[in-house]
Amino acid sequence: KLPTELKMGDFVVVRETDHDLVKEIADVILARTGKSGLRELSSKWKEALTIETLFYSTEEIYEKLQKAGCTRGYQAVRSWITDDDMIAPQSKQDLEHIAVVTGSGVLKEKLNQVYEAAQAVKAAHVQAGRVLSLQLRNRVASALKEYGDIDPFNIWDPIEMQVDDVGLVRILKIIDIGTPVIVDIADTNRLIDE
């Protein structure tokens with residue numbers, strides 16, 4: 001579910017690990033379908049930007065992108081540069097701007113292939129997320145049986161448990177929904193304690 005679809009009384013399972021299971025599962029999915037090389041191909045834009053950071057600051061790269069016609073904000077460009085988990089920018093046009101600004105011949109030449117590879121990698125991540133969610137749901141349900149009697153109406157503190165092949169998970173009950181909070185793009189899909 002998207003965060004906006006959650007309701008009071010729903011439960012959320014949060015994995016606490018630096019281990020990126022979604023990426024690993026996505027790589028298995030890509031390998032099984034004969035597309036294991038797509039992750040490397042989809043990262044050509046990132047390689048071009050990384051080289052650019054050797055000569056220019058993030059602010060200078062952002063200004064160059066703006067002059068080339070890019071309409072993304074500074075935070076988005078900063079994420080392109082700093083977020084190692086980002087598969088690719090949202091649009092092919094973003095990749096075109098990066099190719100122009102970085103002067104990457106490889107990116108210019110393979111722009112369509114890089115874009116298509118990124119879409120396939122993103123799709124594999126979505127599929128991997130579904131696989132992981134199903135695995136978590138089954139394993140957490142099994143682990144909860146071993147945990148003992150739990151009154152689902154009186155869960156105020158997180159329930160923590162170790163789940164095989166997944167790691168430490170916390171089960172949280174949504175007891176209140178406040179007003180929307182603006183979150184830095186680098187903190188997307190992360191649990192932030194107040």
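Because only heavy atoms are used, hydrogens play no part in the values below, and waters and symmetry mates are left out as well, while side chains stay in. None of the values given here were measured: they were computed from a predicted structure.
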| If every non-hydrogen atom of Ile174 is compared with every non-hydrogen atom of Val12, which pair is closest and at what distance? | CD1-CG2, 3.9 Å
| said: With a 4.5 Å cut-off on side-chain heavy-atom distances among I, L, V, M, F, W and Y, is there a chain of contacts connecting Leu172 to Ile177? | reply: yes
| Set of residues satisfying side chain to side chain donor-acceptor pair (under 3.5 Å) with respect to His125, sequence neighbours excluded | Arg39
| field | Euclidean distance, Ser43 OG relative to Leu49 CG, rounded to 0.5 Å | value | 11.5 Å
| request: Report, as yes or no, whether the 6.0 Å neighbourhood of atom CD on Gln113 holds more than 12 heavy atoms from other residues, nucleotides or ligands. | output: yes
| field | CA sep, side-chain torsions, deciding dist, call: Ile51, Thr102, side-chain contact (heavy atoms from CB on, under 4.5 Å) | value | CA-CA 8 Å; Ile51 292 169; Thr102 62; over 6 Å; no
| field | Sequence neighbours excluded, every pair satisfying ring pair (Phe, Tyr, Trp, His ring centres under 6.0 Å) that has a member inside residues 60-79 | value | Tyr62-Tyr74
| said: For the NZ atom on Lys122, are there more than 12 heavy atoms of other groups (residues, nucleotides or ligands in this structure) within a distance under 6.0 Å? | reply: yes
| request: For Gln66 and Arg72, indicate whether the former's side chain and the latter's backbone hold a donor-acceptor pair under 3.5 Å. | output: yes
| Interatomic distance, Leu107 atom CG to Lys46 atom NZ [nearest 0.5 angstrom] | 13.5 Å
| message | Please determine whether side-chain contact (heavy atoms from CB on, under 4.5 Å) holds for the pair Trp80 and Leu65, giving the CA-CA distance in whole Å, both sets of side-chain angles, and the decisive distance to 0.1 Å. | response | CA-CA 12 Å; Trp80 294 348; Leu65 285 163; 3.9 Å; yes
| request: First locate atom CD of Gln119, then atom CG of Leu38, and finally report the distance between them rounded to the nearest 0.5 Å. | output: 11.5 Å
| With the 4.5 Å side-chain cut-off for hydrophobic clustering, are Tyr56 and Trp45 part of the same group? | yes
| request: State, to 0.1 Å, how close Ile87 and Ala118 come at their nearest heavy-atom pair, and which atoms those are. | output: CG2-O, 3.8 Å
| query | Looking at CG of Asp27 and NZ of Lys35, how far apart are the two atoms once the value is rounded to the nearest 0.5 Å? | reply | 13.5 Å
| Quick one: does Glu52's side chain get under 4.5 Å of Glu60's, heavy atoms only? | no
| For the student: nearest non-hydrogen atoms of Val22 and Gly129, plus distance | CG1-N, 4.3 Å
| said: Can you tell me how far apart CD1 (Ile29) and OG (Ser36) are? Round to the nearest 0.5 Å. | reply: 13.5 Å
| For atom CD of Glu40, is the number of surrounding heavy atoms from other residues, nucleotides or ligands below 6.0 Å larger than 12? | no
| query | Who pairs with Lys92 by side-chain contact (heavy atoms from CB on, under 4.5 Å), at least two apart in sequence or on another chain? | reply | Glu96, Leu111, Asn112, Tyr115
| said: Could you go through Lys44 and Ser104, starting from their C-alpha distance and side-chain angles, then the distance that decides it, and tell me whether this counts as side-chain contact (heavy atoms from CB on, under 4.5 Å)? | reply: CA-CA 9 Å; Lys44 294 301 180 191; Ser104 170; over 6 Å; no
| said: Let me check something: do Val100 and Val114 share a hydrophobic cluster, defined by ILVMFWY side-chain heavy atoms less than 4.5 Å apart, either directly or through other members? | reply: no
| For the atom pair CG (Leu132) and CD1 (Ile25), what is the distance rounded to the nearest 0.5 Å? | 4.5 Å
| query | Do Ile98 and Val106 belong together in a cluster built from hydrophobic side chains that touch within less than 4.5 Å? | reply | no
| field | Minimal non-hydrogen separation, Gly9 against Lys173, with atom names | value | CA-CE, 4.0 Å
